[in-house]
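Throughout, residue positions are numbered sequentially from 1 according to the sequence presented.
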Amino acid sequence: MSLDQWQVTDEGQFSFRMLITNENDEGVAGLQSTTVLAAQLLPAGFTGAGNSSEWRFLGSETCTQGGDCPGQWNDLKNGFYEYQTGFSVNDAEGVSYDPGATQRLVIKVGGDALADGTPIPVVNAFVDFTPPDGDPLYTRLIATTESCESCHTDLGQVRHGGRYTELETCTTCHSENRISNPGNVLSGLAHSAHGESGLANFVNCETCHTGEEGLPESDNWALFPSQLACGSCHSAIDFVAGIGHPAQPDNSNCIACHNPDWTRDVHLMADKEAALGQFAAEVVSITPDLAAGTLSVVVGLSNPVSGEALASPDQLPYVNDLRLYANWGTSFDYVTRSASSIRLEQLTPEETVAPGQYRYTLPLPEGSPTAPEQNDGGAVAMQGRICRVADALSPCDDAAALSQPIASATSFFLVGSGAERRTVVTNATCGTCHGDQQLNFHGSRNDLEQQCQLCHNAQMVADATAPNPTASNANYSHMIHAIHTAQRAGYEDLAYPAPVGDCRQCHLQSDSGDSFALPIAESVPPMALSDGTFTSTTAATCTVCHQSDSAKGHMTGNGTVFNGTLEMASGNKGCDTCHGPGRTYDIAPAHGLAPAQ
């Protein structure tokens with residue numbers, strides 16, 4: 001859909017022409033309905049000193065062709081439609097129409113069908129202009145639909161039954177003179193709703209306010225602190241009553257203390273990032289000694305800002321906790337759920353290999369082989385915390401020091417023709433919602449891509465008595481699906497922001513295809529249950545969501561095993577015959593996704 005020839009008539013009606021085309025750019029005639037929304041933008045300071053620009057609702061109506069239509073509708077039979085609203089800007093409540101102000105016109109079509117039954121998808125389009133038909137003198141574009149959809153995938157499915165698909169539509173209606181509950185004005189609603197989500201990256205305002213070209217007021221969060229916006233996160237404060245903050249009757253004095261530089265530094269965690277940027281730790285090399293059951297690991301420490309090589313961890317007073325974890329096994333998963341570990345700040349290095357490089361011996365976990373085989377290997381993960389005061393590294397015994405996790409990292413070591421464990425999800429895909437390595441578990445483990453699996457692997461055991469045993473399992477592939485579908489204990493209230501069937505929201509796409517594609521490697525063990533039985537690998541993964549009797553019956557009828565012996569449940573059960581890439585019921589199209597390219 002595209003709009004042209006918009007204007008406000010002398011009588012105060014919005015008039016416009018729109019073009020509706022199909023996927024082949026052909027005009028679509030016979031559209032059955034349209035919805036029109038309109039708002040006016042009040043400039044910064046107009047409603048009071050310290051206030052940012054604000055939308056005010058002007059009116060809305062829905063026209064059904066040949067039925068109820070408040071306005072004047074004209075189908076030109078070639079894809080073009082002309083429309084003039086029945087409502088007038090002069091009748092709006094809570095705002096006085098100003099022809100010199102920026103006006104917003106939003107059009108929604110679709111969600112119904114043509115007379116011949118052809119379905120019309122929902123489409124929203126908007127235009128901001130200064131009457132009668134000129135470019136806007138100013139506007140308010142703070143965030144984009146694209147930034148919202150980095151988590152939500154489809155913004156239209158968040159509320160209102162999929163009718164409204166663009167952020168600009170949301171701002172038109174969620175305005176002060178349209179919404180009865182002040183907390184639902186968009187600038188407050190968006191903050192409070194996302195603040196309650198607990199997502200780690202929400203405290204970074206630029207997660208949504210990206211500052212990209214075409215967003216002239218993207219920096220409003222720093223330029224115009226307000227009781228509504230700030231109070232939607234800092235909810236314990238009553239600004240007017242002076243509870244938790246000096247009393248402020250309005251927004252006029254906020255900027256006196258909360259200047260843009262201060263606000264930006266606090267919310268972008270500038271001090272934290274500056275301190276973390278002064279410490280880098282990496283695994284330089286890993287040498288296994290299978291006969292001794294050990295790994296010789298060289299760790300490198302440096303200050304990327306100064307370029308200096310750092311002393312060993314036991315000599316650095318600002319190192320709070322620097323650990324190495326190891327497990328054996330890569331492509332076939334790991335041998336134990338109890339990875340071995342050492343804490344470097346508690347140890348004297350065995351050798352200084354080079355400036356800033358130190359050697360340690362890390363024991364291999366129980367179950368590791370004592371002699372090399374053809375497809376061997378394993379992984380070592382590093383995690384840690386450093387202490388800081390403001391933007392400077394500081395001794396951890398300083399009472400003012402804050403402890404901050406560093407970015408965890410996982411390194412593989414291979415023996416013979418062994419292969420690294422495949423990548424299924426990445427820190428970047430997880431980071432679209434959680435922030436890249438901003439979600440920390442067990443203190444400072446944040447490499448969701450590979451580190452968690454050192455313990456949360458196929459050696460975990462599911463509760464055979466649970467309503468959905470797979471959802472009870474702490475194996476990473478089962479646990480993550482159960483958490484995001486609100487089935488995992490402790491996560492029952494989680495509201496996943498995207499369609500749960502969109503596997504590509506989290507799973508990696510690469511030249512070799514989707515990481516969720518079947519078959520699962522035969523070497524991955526079946527799921528073990530607490531009653532001593534086993535469930536086939538693919539069946540265990542799919543039943544996190546597909547747990548109906550009919551779904552399980554389908555799986556069983558095609559060879560998978562529930563609650564059988566290890567021998568019965570092991571191996572490829574042929575699910576990829578129908579559900580593999582390019583097959584009749586390929587997982588991707590079955591979940592509403594395009595086939596892998």
Side-chain angles (χ1 to χ4, degrees), residues 39-56 94-96 98 100-102 136-143 147 171 174-177 179 181-196 201-212 215-275 388-392 394 399-402 404:
Q40 176 173 285
L41 183 60
L42 307 182
F46 185 87
T47 60
N51 293 350
S52 68
S53 58
E54 301 176 41
W55 288 107
R56 289 290 187 270
V95 59
S96 297
D98 180 354
T102 297
L137 301 178
Y138 61 96
T139 189
R140 178 182 170 92
L141 296 171
I142 287 181
S147 64
T171 60
H174 284 269
S175 55
E176 186 175 298
N177 67 323
I179 298 297
N181 179 359
N184 287 335
V185 174
L186 192 67
S187 57
L189 175 64
H191 293 155
S192 59
H194 289 84
E196 292 168 1
N201 64 338
F202 177 66
V203 295
N204 182 343
C205 301
E206 289 188 348
T207 297
C208 300
H209 300 283
T210 56
E212 61 192 74
L215 298 178
E217 296 195 337
S218 185
D219 282 343
N220 269 17
W221 62 271
L223 298 174
F224 293 97
S226 70
Q227 295 182 18
L228 176 62
C230 299
S232 58
C233 288
H234 302 282
S235 55
I237 293 176
D238 186 328
F239 293 97
V240 175
I243 298 173
H245 187 281
Q248 301 289 324
D250 51 38
N251 299 322
S252 58
N253 200 41
C254 299
I255 198 70
C257 295
H258 305 289
N259 65 72
D261 289 340
W262 180 91
T263 303
R264 192 180 306 279
D265 286 348
V266 169
H267 289 84
L268 300 184
M269 299 170 285
D271 284 353
K272 170 187 169 183
E273 296 305 319
R388 69 175 178 90
V389 172
D391 62 354
S394 176
L402 299 173
Q404 303 287 350

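- Listed for the Y138 side chain is no donor-acceptor partner under 3.5 Å among the backbone atoms of A44.
- A distance of 7.0 Å separates CD of E212 from OG of S147, quoted to the nearest 0.5 Å.
- Judged by distance alone, the side chains of Q40 and T102 never bring a donor and an acceptor atom under 3.5 Å apart.
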If you apply the rule side chain to side chain contact (heavy atoms under 4.5 Å, CB included), what do you find for R264 with D219, and how did you get there? CA-CA 9 Å; R264 192 180 306 279; D219 282 343; 3.8 Å; yes
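- Residues I255 and P225 come closest through the heavy atom pair CD1-CD, 3.9 Å.
- Put simply, the side chain of D265 never gets that close to the backbone of D271: no donor and acceptor are under 3.5 Å apart.
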Could you walk me through whether N204 and L268 pass side chain to side chain contact (heavy atoms under 4.5 Å, CB included), step by step? CA-CA 5 Å; N204 182 343; L268 300 184; 3.0 Å; yes
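- Side-chain atoms of N259 come within 3.5 Å of backbone atoms of W262 as a donor-acceptor pair (strictly under, hydrogens ignored).
- Under the 3.5 Å distance criterion, the side-chain polar atoms of H194 are matched with a main-chain donor or acceptor of A190.
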If you apply the rule side chain to side chain contact (heavy atoms under 4.5 Å, CB included), what do you find for W55 with E176, and how did you get there? CA-CA 8 Å; W55 288 107; E176 186 175 298; over 6 Å; no
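- Note that CG of L141 and CG of L215 are 6.5 Å apart. Values are rounded to the nearest 0.5 Å.
- Interatomic distance, CD of E217 versus OG1 of T139, reported as 7.5 Å (0.5 Å rounding).
- Listed for the H267 side chain is a donor-acceptor partner under 3.5 Å among the backbone atoms of T263.
- Distance CD/Q248 to CZ/F239: 8.5 Å, rounded to 0.5 Å.
- Of the possible polar contacts, none joining the S394 side chain to the R388 backbone as a donor-acceptor pair under 3.5 Å is found.
- One finds the NE2 atom of H191 at 10.0 Å from the NE2 atom of H234 (value rounded to the nearest 0.5 Å).
- Shown here is F46, whose CZ atom has no more than 12 heavy atoms of other residues, nucleotides or ligands within 6.0 Å.
- In this structure, H174 contributes its side chain and V185 its backbone to no donor-acceptor pair below 3.5 Å.
- The shortest non-hydrogen separation linking T210 to S218 is N-OG, 3.7 Å.
- When atom types are taken as modelled, the side chain of S235 and the backbone of S232 share no donor-acceptor pair closer than 3.5 angstrom.
- With 3.5 Å as the limit, one finds a donor-acceptor pair spanning the side chains of S53 and R140.
- At a threshold of 4.5 Å between non-hydrogen side-chain atoms, the residues V240 and Q227 count as touching.
- The line from CG of N177 to OG of S175 is 4.5 Å long, rounded to the nearest 0.5 Å.
- N220 contributes no side-chain N or O that, together with a main-chain N or O of L223, makes up a donor-acceptor pair within less than 3.5 Å.
- Across A247 and A241, no two heavy atoms sit closer than the pair CB-C, 4.5 Å.
- Under a 3.5 Å cut-off, the side chain of S192 and the backbone N or O of L189 do form a donor-acceptor pair.
- Side-chain atoms of T47 and E54 form a donor-acceptor pair, as typed in the model, at a separation below 3.5 Å.
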